[in-house]
Trainee: 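Pasting a structure below so you can have a look.
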2 protein chains.
Amino acid sequence: MKPTVHDIARSAGVSLATVDRVLNGRPGVRRVTRQRVEGAIAELGYVRDVAAANLAKSRTYAFTFILPANDNSFMIGLGDEVRGAIARSSLERMAVRIVNVPPFDPAALVAALDTVVLERPAGVAFVAIDTPDVRAAVQRVAAAGIPIVTLVSDLPEAARDHYVGIDNIAAGRTAGSLMGRFLGGGDATVAVLSGSMLVRDHRERLEGFATVVREQFPGLAILPVLEGRDDPALAEALVMQVLEDNPQIAGIYSLGAGNRGLIQALRKVSMTRRAMVIAHELTAYTRAALADGTIDAVLNQDAGHEVRSAIRVLKAKADGLPVIAAQERIRIDIFLKDNLP
Amino acid sequence: MKPTVHDIARSAGVSLATVDRVLNGRPGVRRVTRQRVEGAIAELGYVRDVAAANLAKSRTYAFTFILPANDNSFMIGLGDEVRGAIARSSLERMAVRIVNVPPFDPAALVAALDTVVLERPAGVAFVAIDTPDVRAAVQRVAAAGIPIVTLVSDLPEAARDHYVGIDNIAAGRTAGSLMGRFLGGGDATVAVLSGSMLVRDHRERLEGFATVVREQFPGLAILPVLEGRDDPALAEALVMQVLEDNPQIAGIYSLGAGNRGLIQALRKVSMTRRAMVIAHELTAYTRAALADGTIDAVLNQDAGHEVRSAIRVLKAKADGLPVIAAQERIRIDIFLKDNLP
DNA sequence: CAGTTTTTGAGGTACGTAAATCAGAAATTC
DNA sequence: GAATTTCTGATTTACGTACCTCAAAAACTG
């Protein structure tokens with residue numbers, strides 16, 4: 001049988017109360033006694049029954065998700081997934097809350113993080129913006145002892161506990177490799193549409209893409225990066241313009257979430273030879289475009305998996321349990337029209 | 001606050017004991033009383049606290065995994081993942097057990113399933129073989145009220161509760177699409193190496209592959225399928241032979257688990273132009289071959305995800321809870337050398 | 001050594017459910 | 001209407017942990 005607190009007490013020759021004091025870090029235990037108890041815990045291989053503990057505490061995990069109020073399908077989908085988790089959350093003793101912030105706005109994110117410190121939830125997940133003040137705010141949240149998970153876009157050197165999202169450099173490399181192979185390896189011109197170079201995920205994708213192109217497909221020329229701020233109208237205008245100015249474009253890599261604008265532009269502009277298009281995030285728009293051949297490949301991160309992973313990780317951190325690294329690795333899905341789910 | 005059994009009792013005007021009788025299907029409750037209690041449950045939106053219930057029952061979930069004692073990397077990896085889950089299982093009130101059976105042996109699988117009926121675990125997961133007697137055995141397990149999950153290979157029309165594995169037709173289609181695009185769309189000859197056409201997943205992969213080639217890449221000619229029985233030596237010999245007989249081969253699709261032999265053959269035979277190679281399952285061998293350029297793409301199913309998914313599904317079934325379909329869909333991973341994890 | 005502080009023990013209640021017992025009420029049968 | 005059977009209520013214990021109180025023991029202080 002699994003050892004319980006009673007077994008620890010008996011084995012260490014102390015009372016239940018003392019075991020409880022040691023287990024929960026309460027004061028009033030001599031150093032030697034504490035060590036005796038800890039020895040018994042280690043010897044018997046005791047692990048706290050988290051379910052029973054939560055029952056006794058009648059604990060509910062309060063988690064806060066800070067999400068940018070972006071008008072793109074991916075962020076909307078991410079919000080939907082969090083709301084889906086909220087619907088299931090009461091079953092798991094969780095109270096998940098969403099806080100919306102303006103997109104690409106470091107000051108607003110900092111304010112939201114500072115509010116979190118006051119509310120002291122059991123954990124926070126947020127889509128990071130990579131600036132020094134955000135980093136400092138994260139440091140304050142961490143100092144308050146609140147577990148932190150970055151979602152979709154990371155903040156590597158900051159005090160976050162875990163990053164839930166894809167390896168964006170690998171994603172960019174994959175896009176570069178597919179682009180090079182699909183284009184057949186000759187000379188060609190490629191355009192890149194990003195959201196903002198302020199967020200790390202977009203920067204990293206570009207970096208991976210450019211690296212592979214440089215190393216493996218030197219015949220490809222990459223045009224200056226377009227920053228569409230993940231805004232449909234702006235992205236459409238930028239793509240229309242670049243296609244007009246560079247009719248020789250053979251490939252487009254859309255590494256942000258401005259796909260609605262991109263697709264509209266592609267459908268408006270008539271090209272002599274259709275460009276090879278690789279985009280990120282499978283949404284209703286990119287799915288349709290993939291199905292009808294406007295887009296050739298979509299790299300995707302599964303928002304549902306990310307949200308569930310973030311919650312699992314936050315819960316584990318709140319309980320002081322280890323996370324299963326392999327389970328929490330978010331994979332890069334590659335969709336062609338032939339493997340659409 | 002979440003309603004408890006006490007709230008139900010009060011609201012229905014009955015005692016706790018009666019609520020318990022209704023909730024757990026115990027006899028001795030009049031039809032009208034039962035309906036009154038069920039009405040209160042529905043009205044208050046009561047959901048049983050599974051953690052508390054399991055604590056009270058001091059329940060442990062006994063799950064049995066029936067795995068073929070194959071010596072290929074994938075099945076070995078699958079077994080490792082189950083053993084990994086066993087290591088964590090006591091934390092979650094689970095007792096997972098592995099039963100090994102000889103590979104491709106329907107009679108042995110039937111015997112294992114019938115043993116399961118006697119042991120009455122809380123759930124079974126097994127790698128299906130598609131024969132009538134296995135189907136009948138599954139029916140007997142289901143009749144005993146034991147939740148059943150098929151793993152990796154399905155048994156669609158049988159009484160299983162859930163299938164944990166990839167969509168093999170979509171996997172084959174994806175391989176066909178990548179092959180067609182990587183080869184540039186012109187005329188070319190492609191070889192296919194399978195394990196056995198008697199195995200359902202291999203048949204489905206071939207079907208998907210051939211369909212896409214026929215529809216989208218009519219310039220590709222597919223040579224007669226090689227059956228390597230997932231045996232390294234046989235696969236190597238077959239590949240050597242086919243390359244010798246058809247020096248014009250531009251692509252090879254390996255849809256089974258005979259990759260070790262394939263890779264050895266590719267390294268021995270010197271070709272004027274290297275063939276495009278697409279294989280299944282990321283193992284130490286295929287990973288190395290992908291890294292050094294012998295293989296161009298690997299389609300993978302994540303064994304760890306499959307095992308964890310199977311356990312989650314079995315647990316949900318045992319608790320009478322719904323499964324989150326999106327969470328349990330096993331995805332087809334596509335690996336190029338640029339996105340190796 | 002008396003007085004003070006710190007440490008420890010013993011015991012209880014609670015969390016939400018399961019499962020059991022036993023007595024009493026209600027419905028059914030003869 | 002008495003005897004029997006079928007329901008129902010009241011109460012208790014248990015699961016493993018958290019958290020509280022009170023008293024007693026042990027360790028320090030001066």
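Order of the sequence lines fixes the chain letters, A, B, ..., with proteins taken first and strands second; residue numbering starts at 1 for each chain.
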Trainee: Name the nucleic acid region contacted by B:Asn54, choosing base, sugar-phosphate or nothing; use a 4.0 angstrom heavy-atom cut-off, strictly under.
Mentor: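 Since no nucleic acid heavy atom lies under 4.0 Å of B:Asn54, the category is nothing.
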Trainee: Are B:Arg48 and B:Asp319 within salt-bridge range, i.e. N to O under 4.0 Å?
Mentor: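 Looking at B:Asp319 together with B:Arg48, the answer is no, because their closest N to O distance does not fall below 4.0 Å.
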Trainee: In whole Å, I'd like the distance from the CZ atom of A:Arg30 to the P atom of D:dA26.
Mentor: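 Taking atom P of D:dA26 as the reference, CZ of A:Arg30 is at 10 Å.
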Trainee: Can you tell which of B:Lys317, B:Lys315, B:Arg312 makes a salt bridge (charged side-chain N to carboxylate O under 4.0 Å, His left out) with B:Glu328?
Mentor: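 With B:Glu328 as partner, salt bridge (charged side-chain N to carboxylate O under 4.0 Å, His left out) holds for just one option, B:Arg312.
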Trainee: Return the value, rounded to whole Å, for the distance between atom CG of B:Asp20 and atom C1' of D:dT13.
Mentor: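 Atom CG in B:Asp20 sits about 14 Å away from atom C1' in D:dT13.
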Trainee: Atom CG of A:Leu55 and atom P of D:dA18: how far apart are they, to the nearest Å?
Mentor: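 Computing the A:Leu55:CG to D:dA18:P distance gives 11 Å.
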Trainee: Assess the side chains of A:Thr150 and A:Asp154: does a donor N or O sit below 3.5 Å from an acceptor N or O?
Mentor: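 Indeed, the side chains of A:Thr150 and A:Asp154 share at least one donor-acceptor pair under 3.5 Å.
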Trainee: Rounded to the Å, how far apart are B:Leu16 CG and C:dA20 C1'?
Mentor: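 It works out to 13 Å between those atoms.
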Trainee: In whole angstroms, how far is the C1' atom of D:dA14 from the NE2 atom of A:His6?
Mentor: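 Atom NE2 in A:His6 sits about 11 Å away from atom C1' in D:dA14.
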Trainee: With a 4.0 Å limit, can you tell me whether B:Ser58 has a side-chain N or O closer than that to the phosphate oxygens OP1/OP2 of D:dC15?
Mentor: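 No, because none of the side-chain N or O atoms of B:Ser58 sits under 4.0 Å from OP1 or OP2 of D:dC15.
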Trainee: Nearest-Å distance, CZ (A:Arg59) to C1' (C:dG16)?
Mentor: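 Roughly 18 Å, once rounded to whole Å.
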Trainee: To the nearest angstrom, how far is A:Arg36 atom CZ from D:dA26 atom P?
Mentor: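 These atoms are roughly 13 Å apart.
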Trainee: In whole angstroms, how far is the P atom of D:dC15 from the CG atom of B:Asp49?
Mentor: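 The answer, rounded to whole Å, is 18 Å.
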Trainee: Once you apply a heavy-atom cut-off of 4.0 Å, does B:Ala17 come out as touching a base, just sugar-phosphate, or nothing?
Mentor: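 Base contact - B:Ala17 has a heavy atom under 4.0 Å of at least one base atom.
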Trainee: Is a donor-acceptor pair below 3.5 Å formed from side chain A:Arg93 to base C:dG16, judging by atom type as modelled?
Mentor: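 There is none.
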Trainee: With the side chain counted from C-beta on, respond yes when A:Val50 and A:Asn54 share a heavy-atom pair under 4.5 Å apart, and no when they do not.
Mentor: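 Yes, close enough: below the 4.5 Å cut-off.
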Trainee: Just compare D:dC19, C:dG16, D:dT8 and give me whichever is closest to any side-chain atom of B:Thr4.
Mentor: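 From the listed options, C:dG16 comes nearest.
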